[in-house]
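Just below is one structure, and these are the notes that go with it.
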Amino acid sequence: MEVMTMVKAATDGRYPVNVSGPLAGLVHEFRLELIRRGFAERTADGHAYVLAHLSRWLEQEGAVPTELGVDRIAAFVAARRAGGCRRWRTVRSLQPMLGYLRGLGLVPAGEAHSVGPIDAVLERYRRWLERERRLGEQTVSLRMDWAVKFLSTQVEGGRLELDRIGPQAVTAFVLEMSQHYATGSMKPLTSGLRSLLRFLFAAGDLDRDLSPVVPSVAGWQLSGIPVGADDEAVTTLLASCDQSTAAGRRDFAILLLMAMLGLRAVEVARLRLEDIDWRGGELTVRGKGGRIDRMPLPSDVGGALAMGITTVKAHVSSILTKLGMDNRTQIAILAHDAGLT
């Protein structure tokens, strides 16, 4: 019932694309058939668009569907790649459409399963990404898209000769793609290309690892000088701390350390009681790479820290009283004997 409802909704309006050629009458029915099989409507639309493209292409070529043999299908795939199509660029991706046409007796059954010059390599690469690299579906799909783009440029005379791929072909491809894609897209492209080249080397298709040849893409996010919060934002943030509670006093002290002394979160987390020089009014800060700096301790920051420490001491004293102990060492021994540490 649910599938029939989807199909009925899909038939309320025919597929919105202008179709011409010998397969024009099948586009809408193909779309509905995919929906009946459980395809999402958006996915069915995409497959139907490819069939519409094939119909127009056959018309331009002066060919009929029964001539869709190995060479014709490979030529159609090549035309989609050359036209800049981003999806359905391999023979394998066309199998739902070709299977539908075979079922109608329009495509020779024996030839429909033939693959193009790069499909065998792509299948091996996909298995490597999924089984060896254990990458997720979305990452695999993205890597495959870039692999198709690169390998397609290496096909000459209908043949892919991997042993002829060299540094010049790699850099030329990256430079060509940089004319069409923004920096944000070029970074995953170069990453995917390095992955493909490492695979080809590991599989023995290349006699050397060409992944280091792939140029790096210049472009950094947030490369400017960081902009700190303004006074109003800091004041509002500090006021949000409920200093009547232990957690609020702790948060207030942490925020003051970050706002007034510019400490990083990790530097605040590394602070120890012995890092505070109350008499000298200094604070020892342990930064990245083992760096240790001494900074002046403003009175308001010191006051906030003292409030936090006083609260901690009060809690510890309360715990000692409840347990009938004299110091924290006894608490530590008790916790160790109870298996809590």
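As the structure is a computational prediction, the values presented were derived from the model and not from experiment.
The shortest distance between side-chain heavy atoms of Met177 and Val174 does not fall below 4.5 Å. Between Leu200 and Val121 the shortest side-chain heavy-atom distance falls below 4.5 Å. Looking at heavy atoms from C-beta onward, Glu67 lies out of side-chain contact with Glu61 at the 4.5 angstrom threshold. Using a 4.5 Å cut-off on side-chain heavy atoms (C-beta onward), Leu162 and Gln154 make no contact. Considering only heavy atoms from C-beta on, Ser55 stays 4.5 Å or farther from Leu26 through its side chain. Looking at heavy atoms from C-beta onward, Arg143 lies in side-chain contact with Tyr125 at the 4.5 angstrom threshold. Within the 4.5 Å cutoff, the side chain of Thr190 has no heavy atoms near those of the Pro215 side chain. The shortest side-chain heavy-atom distance between Phe201 and Arg198 does not fall under the 4.5 Å cut-off.
The nearest pair of heavy atoms linking Ala48 to Val27 is O-CG1, 3.6 Å. In terms of heavy atoms, Leu142 sits closest to Pro188 at CD2-CB, 4.1 Å. Scanning all heavy atoms of the two residues, the minimum distance from Leu54 to Phe76 falls at CA-CE1, 3.5 Å. In terms of heavy atoms, Ala203 sits closest to Arg124 at CB-NH1, 3.8 Å. The minimum heavy-atom distance linking Cys241 with Leu255 is given by the pair SG-CD1, 3.6 Å. When all heavy atoms of Asp209 and Pro212 are compared, the closest pair comes out as O-CD, 3.5 Å.
Of the inter-residue distances, the one linking Thr90 atom OG1 with Leu151 atom CG reads 11.5 Å to the nearest 0.5 angstrom. Separating the CG atom in Asp293 from the CZ atom in Arg286 is a distance of 11.0 Å, to the nearest 0.5 Å. Within the model, atoms CG of Asp231 and OG1 of Thr236 stand 10.5 Å from one another, a figure rounded to the nearest 0.5 Å. Between the CD atom of Glu33 and the NE2 atom of His47 there is a distance of 12.5 Å, given to the nearest 0.5 Å. Of the inter-residue distances, the one linking Ser240 atom OG with Phe252 atom CZ reads 10.0 Å to the nearest 0.5 angstrom. Here the CZ-OG1 distance, from Phe150 to Thr153, works out to 5.5 Å after rounding to the nearest 0.5 Å.
The aromatic rings of Phe30 and Tyr100 lie tilted to each other, with the angle between the two planes from 30° to 60°.
A 6.0 Å sphere centred on CD of Glu274 holds more than 12 heavy atoms belonging to other residues, nucleotides or ligands.
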Using a 3.5 Å cut-off and no angle test, enumerate the donor-acceptor pairs between side-chain atoms of residues 294-305 and protein atoms at least two apart in sequence or in another chain.
from, atom 1, to, atom 2, distance (Å)
Arg294, NE, Glu282, OE1, 2.8
Arg294, NH1, Thr284, OG1, 2.8
Arg294, NH2, Glu282, OE1, 2.9

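Under a 4.0 Å N-O distance rule, the pair Arg31/Asp45 qualifies as a salt bridge. Under the 4.0 Å criterion applied to side-chain N and carboxylate O atoms, Arg127 and Glu132 are not assigned as salt-bridge partners. A salt bridge is defined here as a Lys NZ or Arg NE, NH1 or NH2 lying under 4.0 Å from an Asp or Glu carboxylate O, and Glu59 with Arg56 fails to meet this definition.
A side-chain donor-acceptor contact under 3.5 Å links Ser178 to the backbone of Leu175. No donor-acceptor distance shorter than 3.5 angstrom exists from the side chain of Ser211 to the backbone of Leu197, with no hydrogens or angles considered. Ser152 places a side-chain N or O within 3.5 Å of a backbone atom of Val148 that can act as its donor or acceptor partner. Of the possible donor and acceptor atoms, one in the side chain of Asp275 sits under 3.5 Å from a partner among the backbone N and O of Arg272. A side-chain donor-acceptor contact under 3.5 Å links Arg81 to the backbone of Arg89. Here the side chain of Ser191 pairs no donor or acceptor atom with the backbone of Lys187 at under 3.5 angstrom.
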Check against side-chain contact (heavy atoms from CB on, under 4.5 Å), Leu51 and Leu101: CA-CA 10 Å; Leu51 180 55; Leu101 296 176; 4.3 Å; yes
Dump the intermediate steps for side-chain contact (heavy atoms from CB on, under 4.5 Å) on Thr171 and Val213, then the final yes or no. CA-CA 7 Å; Thr171 55; Val213 177; 3.8 Å; yes
Decide side-chain contact (heavy atoms from CB on, under 4.5 Å) for Ile254 and Arg250; before the verdict, give the C-alpha distance in whole Å, the side-chain angles of both, and the deciding distance to 0.1 Å. CA-CA 6 Å; Ile254 291 174; Arg250 176 203 63 197; 4.0 Å; yes
Mind running side-chain contact (heavy atoms from CB on, under 4.5 Å) on Glu156 and Glu161 for me, showing each step along the way? CA-CA 8 Å; Glu156 293 186 9; Glu161 297 183 7; over 6 Å; no
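One hydrophobic cluster holds both Leu261 and Trp278 under the rule that ILVMFWY side chains link at heavy-atom gaps under 4.5 Å. By the rule that hydrophobic residues join a cluster once side-chain heavy atoms approach within less than 4.5 Å of another member, Leu106 and Val64 end up as members of separate clusters.
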